[in-house]
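Atoms within a ligand are numbered from 1 in the order they appear, just like the ligands themselves. What's counted below: heavy atoms across the whole structure, side chains too, no hydrogens, waters or symmetry copies. Predicted, not measured: the structure shown is a model, and the values here were computed from it.
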Amino acid sequence: MTQDDKKKAAAQAAVKYIEQGSIIGVGTGSTVVHFIDALADIRHDLAGAVSSSEDSTARLKALGIEVLDLNSVGSLDIYIDGADEITEHKHMIKGGGAALTREKIIAAVAKKFICIIDDSKQVPVLGKFPLPVEVIPMARSYVAREILKLGGDPEYRQGVVTDNGNVILDVHNLKILNPVELERQLNAIVGVVTNGLFAHRGADVVLVGTEQGVNTIE
Ligand SMILES: O=C(CO)[C@H](O)[C@H](O)COP(=O)(O)O
């Protein structure tokens with residue numbers, strides 16, 4: 001079984017959490033692509049979707065699923081998205097696909113966050129995967145210097161502009177023992193839009209694709 005097979009199995013398992021007539025939040029990434037594909041069978045049961053990226057929006061629309069502005073949605077029952085790393089406490093690093101800010105906004109609104117991953121994403125401590133930080137372009141060098149003071153090694157993700165018109169710094173060499181505090185510290189740097197730590201608002205349910213099938217962590 002490949003890593004992609006495991007992603008697909010986790011993504012398909014998420015469909016059963018969707019209630020008829022609901023509006024769903026949809027993340028970004030290769031695991032979410034499998035999830036959107038799995039929506040084909042139930043697309044007529046959905047009242048619409050809120051999307052975290054232009055890529056997911058295009059895929060949802062191609063299936064005939066209406067994509068709604070988050071501002072027009074009073075509440076959101078469920079958000080489904082992948083992760084780059086996740087701990088047993090359901091704290092995550094996200095943003096490998098540069099969609100972290102919209103992902104974090106939708107996750108904040110949603111009542112339930114379902115994280116879909118293959119088992120390579122499970123880690124004891126966050127930080128091996130470089131932590132993405134979305135930054136206003138003119139603040140890039142200043143933010144990089146502030147991140148150095150926090151003990152991380154920021155690297156400018158060349159050639160990437162987020163859907164919000166900003167840039168990404170990937171922060172290497174962090175051993176993140178207190179993700180809630182680091183999330184707060186990074187967001188307090190002027191010029192940071194948000195960072196890829198999802199600790200203050202972690203996942204509620206994790207669906208893990210493994211060789212043996214899909215494990216559910218509630
Ligand atoms: O946070 C994300 C995008 O910004 C993705 O959820 C994360 O990068 C995982 O991606 P994939 O499903 O391709 O492994």
Side-chain angles (χ1 to χ4, degrees), residues 1-15 24-39 49-60 70 78-87 90-110 112-123 126-135 155 157 159-172 174 176 179 183 186-187 192-210 214 217:
M1 195 181 228
T2 65
Q3 185 181 12
D4 196 55
D5 291 333
K6 294 176 186 176
K7 289 183 180 192
K8 190 173 182 177
Q12 289 174 340
V15 173
I24 60 170
V26 178
T28 298
S30 57
T31 317
V32 166
V33 168
H34 287 305
F35 173 68
I36 295 173
D37 288 346
L39 291 178
V50 173
S51 168
S52 63
S53 65
E54 302 301 329
D55 185 64
S56 292
T57 296
R59 290 175 191 277
L60 288 160
L70 182 62
I78 192 170
Y79 177 56
I80 297 103
D81 198 359
D84 298 300
E85 285 186 346
I86 188 163
T87 68
K90 304 191 188 79
H91 296 152
M92 295 167 278
I93 287 182
K94 292 184 43 53
L100 59 158
T101 299
R102 294 188 187 190
E103 292 173 347
K104 202 176 265 197
I105 294 167
I106 301 175
V109 175
K112 190 178 261 190
F113 184 141
I114 312 245
C115 181
I116 49 177
I117 52 164
D118 69 85
D119 52 5
S120 72
K121 307 289 184 70
Q122 293 177 295
V123 295
L126 297 173
K128 194 167 175 209
F129 189 92
L131 174 63
V133 180
E134 181 165 351
V135 178
E155 182 187 16
R157 201 184 292 183
V160 171
V161 178
T162 70
D163 287 344
N164 313 307
N166 298 314
V167 297
I168 298 281
L169 294 174
D170 290 309
V171 186
H172 296 256
L174 289 171
I176 304 172
E183 183 178 3
L186 287 168
N187 283 344
V192 168
V193 178
T194 199
N195 69 83
L197 279 171
F198 284 55
H200 177 71
R201 201 284 183 250
D204 300 302
V205 177
V206 190
L207 300 174
V208 191
T210 75
V214 177
I217 305 168

Does the side-chain hydrogen bond (donor to acceptor under 3.5 Å, both in side chains) test come out yes or no for Thr28 and Ser52, once each step is laid out? CA-CA 6 Å; Thr28 298; Ser52 63; 2.7 Å; yes
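Near Gly97, the atoms of ligand 1 lying under 4.0 angstrom from a non-hydrogen atom of the residue are 3 (C), 4 (O), 8 (O). Remark: ligand 1 atoms within the under-4.0 Å shell around heavy atoms of Lys121 are 9 (C), 11 (P), 14 (O). Close approach of ligand 1 to Asp81 (heavy-atom distance below 4.0 Å) involves ligand atoms 6 (O). Set against the non-hydrogen atoms of Lys94, the atoms of ligand 1 under 4.0 Å away are 1 (O), 2 (C), 5 (C), 6 (O). Counting the atoms of ligand 1 from 1 in the order shown, those under 4.0 Å from a heavy atom of Asp84 are 1 (O), 7 (C), 8 (O), 9 (C). Numbered from 1 in the order shown, with element, the atoms of ligand 1 that lie under 4.0 Å from a heavy atom of Lys7 read 11 (P), 13 (O), 14 (O). Interface atoms of ligand 1 facing Thr28, defined by a heavy-atom separation under 4.0 Å, are 2 (C), 3 (C), 5 (C), 6 (O). Each of the following atoms of ligand 1 lies closer than 4.0 Å to a heavy atom of Ala98: 4 (O).
The shortest N or O to N or O distance between Ala99 and ligand 1 is under 3.5 Å. The shortest N or O to N or O distance between Gly29 and ligand 1 is not under 3.5 Å.
When all heavy atoms of Ile80 and Val32 are compared, the closest pair comes out as O-CG2, 4.2 Å. The heavy-atom pair separating Asp163 from Glu54 by the smallest distance is OD2-N, 3.0 Å. Taking both residues in full, the closest heavy atoms of Ser120 and Gln3 are given as OG-NE2, 3.1 Å, listed atom of the first, atom of the second, then distance.
With hydrogens and angles disregarded, a donor-acceptor distance shorter than 3.5 Å links the side chain of Asp5 to the backbone of Thr2.
Heavy-atom distances between Gly95 and ligand 1 reach below 4.0 Å in at least one pair.
Using a 4.0 Å cut-off between charged side-chain N and carboxylate O, Glu134 and Lys104 make no salt bridge. Classification of Lys112 and Asp204 as a salt-bridged pair fails, no side-chain N sitting under 4.0 Å from a carboxylate O.
The proximity of Ser53 to ligand 1, defined as any non-hydrogen pair under 4.0 Å, does not occur for either the backbone or the side chain.
Other residues, nucleotides and ligands contribute at most 12 non-hydrogen atoms within 6.0 Å of the NZ atom of Lys8.
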